[in-house]
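Right, one structure below, let's go through it.
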2 protein chains.
Amino acid sequence: MVQFVHPSIEDITLTGVLGALADPMRLRIVGNMIKKNDCMSCSEAAPCPNMAKSTLSHHFRILREAGIIRTGKVGVTNRNVLRYDDINKRFPGLLDEILKFAD
Amino acid sequence: MVQFVHPSIEDITLTGVLGALADPMRLRIVGNMIKKNDCMSCSEAAPCPNMAKSTLSHHFRILREAGIIRTGKVGVTNRNVLRYDDINKRFPGLLDEILKFAD
DNA sequence: TCAATAGTTCAATTATATTGAACTATTGAA
DNA sequence: TTCAATAGTTCAATATAATTGAACTATTGA
């Protein structure tokens with residue numbers, strides 16, 4: 001059984017958040033998630049269809065370990081949710097300010 | 001003679017800026033520069049004294065190529081300036097929002 | 001029971017970061 | 001004018017991180 005690692009709010013770091021969002025693919029994943037305002041599977045949130053699923057899995061892990069998303073497994077699919085409130089508690093306004101400029 | 005590369009405002013990218021600031025050392029360099037509100041040499045802005053100068057030089061190049069600082073040479077020292085207005089023209093408010101959370 | 005689905009993990013390759021050593025350009029003093 | 005000191009850059013080597021195909025795991029539905 002896979003156990004997902006999620007940092008607590010106080011363990012979310014600024015450089016961790018910036019580093020996680022510094023990749024175009026991950027920025028698009030997060031952009032997709034905030035637009036949908038709902039949980040998404042990894043393949044739903046995938047930034048491009050031709051990406052290896054191991055790479056996609058890697059990107060979700062980076063986002064997860066930076067504290068940006070929370071992942072749970074329901075059946076065979078992952079349910080990924082943006083930790084919007086947690087990030088805003090830690091760094092108020094930061095996420096919106098960054099995503100404002102993400103195409 | 002060393003020629004420094006500086007992107008034009010429209011070539012500054014969001015992921016470039018985020019990636020440049022995603023490193024604790026570079027974040028401290030930029031934090032130091034905004035506090036001083038003046039140009040600084042590389043060693044003045046150095047985030048810690050025990051860092052190899054080749055590493056420091058590398059970090060300044062990342063910041064430069066991301067469009068965050070402008071470097072000129074005066075005599076034997078570099079004069080590094082934060083491209084505050086340029087970044088604000090490209091991504092209004094972003095830099096302040098990020099630096100607000102940098103210790 | 002068994003194939004399909006949605007991912008994870010592993011191993012290999014590739015790319016990026018870090019550092020010491022050698023190099024360059026400028027200054028200031030003898 | 002020479003020459004050592006200064007402030008970096010560049011290079012080469014190593015260490016760390018990203019990408020991907022292949023094999024694996026767990027769950028569902030026929």
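By convention in this document, chain letters (A, B, ...) are assigned in the order of the sequence lines, proteins followed by strands, and residues within each chain are numbered from 1. Values in this document were obtained by computation on a predicted structure and should not be read as measured data.
Per the geometry, CE belonging to B:M40 stands 11 Å off P belonging to D:dG8, to the nearest Å. One atom, NZ of A:K73, and another, P of D:dA26, lie 9 Å apart when rounded to the nearest Å. Atom CZ in B:F60 sits roughly 17 Å away from atom C1' in D:dT10 (whole-Å rounding). The CZ atom of B:F4 sits 11 Å away from the C1' atom of C:dA25 (whole-angstrom rounding). The nearest whole Å value for the distance from the CG atom in A:N80 to the C1' atom in C:dG7 is 11 Å. In this structure, the CD1 atom of A:I29 is 11 Å from the P atom of C:dG7, given to the nearest Å. Atom-to-atom, NE2 of A:H58 to C1' of C:dG7 comes out at 16 Å; the value is rounded to the nearest Å. Taking atom CG on B:N78 and atom P on C:dA25, their separation rounds to 14 Å, with Å as the unit.
Here A:D103 does not pair with A:R28 in a salt bridge; the nearest charged N to carboxylate O distance is not below 4.0 Å.
Judged by closest nucleotide on DNA chain D, B:E44 is the one of A:D23 and B:E44 placed further toward the 5' end. A residue-by-residue look at A:R64 and B:M51 shows that A:R64 has its nearest nucleotide of DNA chain C further toward the 5' end. Both A:S54 and A:V76 lie near DNA chain D, and the one whose nearest nucleotide falls closer to the 5' end is A:S54.
Here C:dT5 sits opposite D:dA26 as a Watson-Crick or G-U wobble pair (both hydrogen-bonding atom distances under 3.5 Å). Pairing partner, C:dC10: D:dG21, with both Watson-Crick or wobble hydrogen-bond distances short of 3.5 Å.
Taking only side-chain nitrogens and oxygens, B:H59 never comes nearer than 4.0 Å to OP1 or OP2 of C:dA17. Contact check, B:T55 against C:dT19: a side-chain N or O comes under 4.0 Å of OP1 or OP2.
Checking C:dT18, C:dG7, D:dG21 against the side-chain heavy atoms of A:A52 singles out D:dG21 as nearest. Picking from C:dG7, D:dT20, D:dA18 the nucleotide with the shortest atom distance to the side chain of A:S41 gives C:dG7. In the set D:dT20, C:dT8, C:dA17, the nucleotide with an atom closest to the side chain of A:K53 is C:dT8.
A:R61 CZ: 12 or fewer foreign heavy atoms inside a 6.0 Å radius.
No hydrogens or angles were tested; on distance alone, nothing pairs the side chain of B:S57 with the base of D:dG8 as donor and acceptor under 3.5 Å.
Across every non-hydrogen atom of A:D23 and B:T15, the tightest pair is C-CG2, 4.0 Å.
If you take CG on B:N80 and NZ on B:K36, they are separated by 12.0 Å, rounding to the nearest 0.5 Å.
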Verdict with reasoning, B:I69 to B:M33, per side-chain contact (heavy atoms from CB on, under 4.5 Å): CA-CA 9 Å; B:I69 62 171; B:M33 296 188 79; 3.8 Å; yes
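In this structure, B:T77 reaches the sugar-phosphate backbone alone: every heavy-atom distance under 4.0 Å involves primed, P, OP1 or OP2 atoms, never a base.
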